[in-house]
> 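One structure, as structure tokens, below. Some questions next.
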Number of protein chains: 2
Amino acid sequence: MIGSEADWIAGTVPVTSSNHIIPARRTICHPKEWSDFIPIICRGWAASSVTLLDGRRQILSFLLPGDLVSTACLLEPMSGRTVEAITDVTCRKFTRNDLKAYLFQRPQLLEKLSKTWVEERTQADQLALDLGRRTADERIARLILSLAERLAKRNMVSGQTMEFPLRQRHIADATGLTPVHVSKVLGEFQRAGLVEINRRSLTLINEKELRRAADWR
Amino acid sequence: MIGSEADWIAGTVPVTSSNHIIPARRTICHPKEWSDFIPIICRGWAASSVTLLDGRRQILSFLLPGDLVSTACLLEPMSGRTVEAITDVTCRKFTRNDLKAYLFQRPQLLEKLSKTWVEERTQADQLALDLGRRTADERIARLILSLAERLAKRNMVSGQTMEFPLRQRHIADATGLTPVHVSKVLGEFQRAGLVEINRRSLTLINEKELRRAADWR
DNA sequence: CGGCCCTTTGACGGACGTCAAATAGCGTGG
DNA sequence: CCACGCTATTTGACGTCCGTCAAAGGGCCG
């Protein structure tokens, strides 16, 4: 949990919290039950998503250690999202009211909060751009690079390799593609010597080329 | 500007502001120049979008009278977005610092702000779901319905017909499609008797069926 | 009248989805 | 340890939705 985005809250708030351990594939928050608690991920990976009745699903973000589920729901409850553990997850739940009271007495924390808000908004904008206007290759390459970047900030990368517990259906749901197509693209990436994936770990072999494929910057 | 989302700020804030008139097709805010001013639309339609170097563009939201450009950039500047007038637009620009000072002294306004934040976040989630997981027909139908709903809140619908100044390329950029395909889908919608569009105005002929096409609820 | 942008339409192509079958992992229980 | 059942991954054939390209017509304005 080093250098993560939500340190300013996880580390500093002396507020009632309770710890939980959720096994992989179990849901952490149901779309209805966004009521009074705000979870922060302490260990493991999770996904925050929205789903249609017929099963189509869109992952909005992956949650890594230190991440708040969404800063937008800090002050007001927000519904419709499902948060689901990808690996076994340890999380801590804060009660919203305590957190709110605490925050409103510290303007400089609100400043920090609004910075985080802007970041989150920017992420959302980029997601829309990706889904609306980028090709499958670009989307997947960008997803890998952005995860690598976030993991690096948390010291969760050694050399060029990192833990990578995502299933291809997670990647598919995050990029608006099908698992089959994801498999094909990842296959090409590996055959082209851009990355290597095995046993739940990913290595960036040719980061430069991967960035080119991602149209990165 | 009746019943619009940002009334709580546009109507109540006694803060320095300046009025501007921007002709159609002109840009209101450049991606770089998000510095110190926050525009609110008073009259006309605008679009807020992000673009890639090669010209691919994604519209993130349409701005109607009363709309703030984005609540996320109220307290902190945010860059990367372009705001562009669709019709002639009258807008008012507030200076961020004044607004900030004003808000921080009124906790109940901050509450209101955070409610708006949640709404905006929910919109963003739905946009991602649309772009990632819905068909062209669904996306277009939903866009029309959501605009109709927003216009209705502003008393800008008479009967079932409303001003509708969007060009098909706006719809395309908002839905992640091409203008050509938008034309085909709108053609089908009209031939199927769902809507009628002419001379920059739109009439809902068969709203029920349109909702079905949109998979609306 | 001429130029520009928008819209419509059709033919064609390509990116991605669907379906299906084969293989590989992986955890569980014997 | 093996057997098993489940879930992931891979691969190929095929289909479809949507994009591309091009041409023609319409509306608007100088």
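Quick note on labels: first sequence line is chain A, next is B, and so on, each numbered from 1.
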> If the test is side-chain contact (heavy atoms from CB on, under 4.5 Å), which one of A:Ile140, A:Val195, A:Leu210 qualifies with A:Leu145?
A:Leu210
> Which nucleotide, C:dC6, D:dT10, C:dT8, lies nearest any side-chain atom of B:Arg169?
C:dC6
> Would you jot down, in residue-number order, the residues of residues 127-141 of chain A having a non-hydrogen atom under 4.0 Å from DNA chain C?
A:Thr135, A:Ala136
> Do the charged groups of B:Glu188 and B:Arg191 touch, with an N to O distance under 4.0 Å?
no
> Note the angle between the end axes of the helix from C:dC1-D:dG30 to C:dC26-D:dG5, five pairs defining each, rounded to 10 degrees.
40°
> To the nearest Å, how far apart are B:His181 NE2 and D:dT20 P?
12 Å
> Heavy atoms from C-beta onward define the side chain here; which of D:dT9, D:dT11, C:dT7 lies closest to that of B:Arg200?
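Taking heavy atoms from C-beta onward, the closest nucleotide is C:dT7.
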> Give a yes or no answer on whether the side chain of A:Asp36 reaches the backbone of A:Thr95 with a donor-acceptor pair at less than 3.5 Å.
no
> To the nearest Å, how far apart are A:Glu188 CD and D:dT10 P?
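It is 12 Å, rounded to the nearest whole Å.
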> Could you check how far CD1 of B:Ile86 sits from P of C:dC5, rounded to whole Å?
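The answer, rounded to whole Å, is 17 Å.
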> Are B:Arg212 and B:Glu207 close enough for a salt bridge, meaning some N to O gap below 4.0 Å?
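B:Glu207 and B:Arg212: not salt-bridged.
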> Which whole-number value in Å describes the distance from A:Phe164 CZ to D:dA8 C1'?
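Atom CZ in A:Phe164 sits about 14 Å away from atom C1' in D:dA8.
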> Find the distance B:Leu166:CG to C:dC6:C1' and express it as a whole number of Å.
14 Å
> Rounded to the nearest 0.5 Å, how far apart are OG1 of A:Thr203 and CG of A:Asn198?
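Here the rounded value is 7.0 Å.
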> Using atom NZ of A:Lys184 as one end and atom P of D:dG12 as the other, report the distance to the nearest whole Å.
9 Å
> When you get a sec, tell me which of D:dT10, D:dG19, C:dG10 is the closest nucleotide to the side chain of B:Leu177?
D:dG19
> Do the side chains of A:Asp173 and A:Arg169 get close enough for a salt bridge, i.e. N-O under 4.0 angstrom?
no
> Using a distance-only test with no angle check, is there a side-chain donor-acceptor pair under 3.5 angstrom linking A:Thr135 and A:Glu138?
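Side chains of A:Thr135 and A:Glu138: pair found under 3.5 Å.
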> Exactly one of A:Arg92, A:Arg150, A:Arg43 should register a salt bridge (Lys or Arg N to Asp or Glu O under 4.0 Å) with A:Asp67. Which one does?
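Single salt bridge (Lys or Arg N to Asp or Glu O under 4.0 Å) partner of A:Asp67 among A:Arg92, A:Arg150, A:Arg43: A:Arg150.
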> For the pair made of CZ in B:Phe189 and C1' in C:dT8, what is the distance, rounded to whole Å?
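These atoms are roughly 17 Å apart.
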> Within a reach of under 6.0 Å around CD of B:Gln123, are more than 12 heavy atoms found that belong to other residues, nucleotides or ligands?
no
> Look at the side chain of B:Arg167 and decide which nucleotide, out of D:dT9, D:dG12, C:dC6, has an atom nearest to it.
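That would be C:dC6.
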> Quick check: on DNA chain C, is the nucleotide nearest B:Arg25 upstream (toward 5') of the one nearest A:Arg199, or the reverse? Name the residue that is more 5'.
B:Arg25
